[in-house]
Amino acid sequence: MLLNESLILAGILFSIGIFGVLIRRNAIIIFLSIELMLNAVNLSFVAFSRAMGIDGQVFVFFVIAVAAAEAAVGLALVIAIFRHYETLDIKNFNLLRW
Amino acid sequence: MKEFLWYAFAFLAVGGGVAMVTRKNPVASLLFLILTFFSLAGIFILLQAHFIAAIQVLVYAGAIMVLFLFVIMLLNLGHDYRSDLRGGGWIVIGFAGAGLFGFFVSRAFRGPDLVVDHGGAALIDRAVAEFGAVGAIGIPLIREYVVPFELTALLLLAAIIGAVVLAKRRV
């Protein structure tokens with residue numbers, strides 16, 4: 001079956017997402033990398049569901065719904081921040097730093 | 001044939017992912033991520049998860065990415081082509097993350113199986129034959145998972161209200 005290879009692909013995609021979150025300064029690209037990480041997790045859930053039952057796919061349904069809600073609220077935040085700072089470079093968002 | 005298709009979709013997905021994190025233009029980045037989403041939908045179909053593949057294309061590539069694209073358009077973001085990579089220590093940390101990538105690639109060439117088959121494929125095929133592709137997920141959603149289902153509805157309501165309030169000009 002393709003289950004082992006799908007899990008390894010999920011790990012590779014997750015690492016690419018981590019790399020994107022850590023290395024980029026544009027807030028939109030960071031959001032897109034987070035969506036890539038969520039998709040890698042969805043792939044691993046579907047691969048395990050093929051081995052263990054339908055429950056993995058039900059959980060993927062919930063992950064997609066939560067990702068949609070998070071994308072909507074996160075992008076509303078990005079719009080509000082952009083109105084204030086005129087830039088999306090995250091090195092300027094340091095009000096909570098020590 | 002299935003293996004060849006799986007490898008084709010997998011290379012498209014990884015290529016789209018690497019291209020996504022290395023583009024300067026956010027619109028190009030987003031389009032490569034849409035390519036990754038379509039490749040993942042193809043892999044879901046190869047894993048016999050037809051409903052999830054359809055939902056992936058409709059919701060993820062069709063709604064969430066369109067929302068991102070509209071925000072990029074509204075904020076007029078596609079014109080600044082300066083590089084925005086973080087410098088210094090972050091590159092070290094980033095390559096440590098890429099080391100995680102290398103670990104997973106190395107698992108592809110040796111090592112024991114990661115998955116132990118518990119016979120889930122037969123259960124899923126029986127449910128699909130009896131209830132259809134949508135019913136195979138819909139019936140557990142309404143029977144065992146009804147509480148998370150209703151909570152997800154509440155979450156989506158909260159997200160709608162929150163998005164409208166956060167993006168208004170004058171609260």
Side-chain angles (χ1 to χ4, degrees), chain A residues 1-9 11-20 22-26 28-29 31-33 35-36 39 42-43 46-55 57-58 60-62 64-73 75-80 82-83 88-89 91, chain B residues 6 10 13-14 17-18 20-21 26 29-30 33 36-37 40 43-44 46-49 52 55 59-60 63-64 67 71-72 75 77 84-86 90 93-94 97-98 100-101 104-105 107-108 113-115 117-118 120-121 123-124 127 136-137 140-141 145 148 152 155-156 159 162-163 166-167:
Chain A
M1 288 268 12
L2 301 164
L3 303 177
N4 284 314
E5 290 89 348
S6 296
L7 284 180
I8 294 170
L9 174 66
I12 290 175
L13 286 174
F14 194 80
S15 323
I16 294 175
I18 287 182
F19 187 73
L22 290 175
I23 209 75
R24 302 292 301 251
R25 281 202 317 251
N26 193 345
I28 299 270
I29 309 285
F31 260 113
L32 291 176
S33 306
E35 298 295 334
L36 181 62
N39 270 282
N42 282 350
L43 176 61
V46 169
F48 272 118
S49 127
R50 194 70 193 147
M52 305 194 69
I54 197 70
D55 305 308
Q57 294 183 25
V58 175
V60 168
F61 185 84
F62 288 126
I64 291 180
V66 169
E70 161 229 338
V73 175
L75 287 173
L77 272 172
V78 162
I79 289 180
F82 186 81
R83 270 199 208 117
L88 278 181
D89 196 335
K91 73 171 190 267
Chain B
W6 189 94
V14 173
V18 171
M20 182 203 85
V21 299
S29 203
L30 192 140
L33 188 62
T36 301
F37 285 167
L40 280 179
I43 293 181
F44 287 160
L46 287 172
L47 288 173
Q48 310 287 324
I52 298 297
I55 292 295
V59 173
Y60 245 120
I64 298 182
L67 177 63
V71 168
I72 292 179
L75 303 181
L77 281 178
D84 67 332
L85 297 179
R86 290 169 131 184
W90 286 101
I93 299 179
L100 197 61
F101 169 97
F104 281 111
V105 170
R107 280 304 288 264
D113 278 357
L114 295 160
V115 183
D117 200 337
H118 289 277
L123 288 173
I124 296 180
I137 294 190
L141 210 53
Y145 297 99
T152 305
L155 174 77
L156 287 171
L166 283 170

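Chain naming here is simple, since letters A, B, ... match the order of the sequence lines and numbering starts at 1 in each. A quick note: this is a predicted structure, and the numbers were derived from the prediction, not measured. Hydrogens, waters and symmetry mates play no part in the numbers below; they use all other heavy atoms, side chains included.
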For the atom pair CG (A:Asn42) and CZ (B:Phe44), what is the distance rounded to the nearest 0.5 Å?
5.5 Å
Are any non-hydrogen side-chain atoms of B:Thr36 and A:Asn39 less than 4.5 angstrom apart?
no
Heavy-atom distance under 4.5 Å to chain A: side chain of B:Ala10, backbone, both or neither?
both
Proximity breakdown for A:Ile16 and chain B, heavy-atom pairs closer than 4.5 Å
both
For A:Leu9, is it the side chain, the backbone, both, or neither that has a heavy atom closer than 4.5 Å to a heavy atom of chain B?
side chain
In Å, rounded to the nearest 0.5 Å, how long is the span from CD1 of B:Ile124 to OG of A:Ser49?
3.5 Å
Quick check: do B:Ile55 and A:Val60 have side-chain heavy atoms less than 4.5 Å from each other?
no
So for A:Leu32, is it side chain, backbone, both, or neither that comes closer than 4.5 Å to the heavy atoms of chain B?
both
Taking all heavy atoms of B:Ala163 and all of A:Ala72, pick out the closest pair and write down the distance.
CB-O, 4.0 Å
Considering only heavy atoms, which portion of A:Phe61 lies under 4.5 Å from any heavy atom of chain B: side chain, backbone, both, or neither?
both
Which atom names give the shortest non-hydrogen contact between A:Ser33 and B:Val21, and what distance separates them?
OG-CG1, 4.1 Å
Can you tell which of A:Leu77, A:Leu13, A:Ile12 has the highest number of heavy-atom pairs within less than 4.5 Å of chain B?
A:Ile12
Winner by heavy-atom pair count (cut-off under 4.5 Å) against chain A, out of B:Leu67, B:Leu75, B:Val71:
B:Leu75
Separation between CG (B:Leu47) and CG (A:Leu43), nearest 0.5 Å, reads 7.0 Å
Got B:Ile137 and A:Ile54 here, is their nearest side-chain heavy-atom distance under 4.5 Å?
yes
What one should report as the nearest heavy-atom pair of A:Gln57 and B:Gln48 is NE2-O, 4.4 Å
Grab the two heavy atoms, one from A:Asn26 and one from B:Pro26, that are nearest each other, plus how far apart they are.
ND2-CG, 4.1 Å
With side chains defined as the heavy atoms from C-beta onward, is the minimum distance between B:Leu141 and A:Phe62 less than 4.5 Å?
yes
Structural part of B:Tyr145 lying under 4.5 Å from a heavy atom of chain A
both
Against chain A, label B:Val14 side chain, backbone, both or neither, depending on which of its atoms sit under 4.5 Å from a heavy atom there.
both
What option among A:Gly20, A:Ala69, A:Ala71 has the most heavy-atom pairs under 4.5 Å with chain B?
A:Ala69
What residue in A:Val66, A:Asp55, A:Leu88 has the most heavy-atom pairs under 4.5 Å with chain B?
A:Asp55
Under a 4.5 Å cutoff for heavy-atom pairs, which residue among B:Gly17, B:Pro148, B:Pro140 has the most contacts with chain A?
B:Pro148
Rounded to the nearest 0.5 Å, what's the gap from CG on B:Leu40 to CG on A:Leu36? Could you check?
8.0 Å
Checking the side chain of A:Arg83 only, and the main-chain atoms of B:Ala167 only, is there a donor and an acceptor separated by less than 3.5 Å?
yes
What are the two closest heavy atoms between B:Leu33 and A:Glu35, and how far apart are they?
CD2-CB, 4.4 Å
Rounded distance [0.5 Å steps], CD1 in A:Ile28 versus CG in B:Leu30:
8.5 Å
Identify the heavy atoms of A:Ala65 and B:Leu156 that sit nearest to each other, and give their distance.
O-CD2, 3.9 Å
Inter-residue atom distance A:Ile79.CD1 - B:Leu166.CG, 0.5 Å rounding
10.0 Å
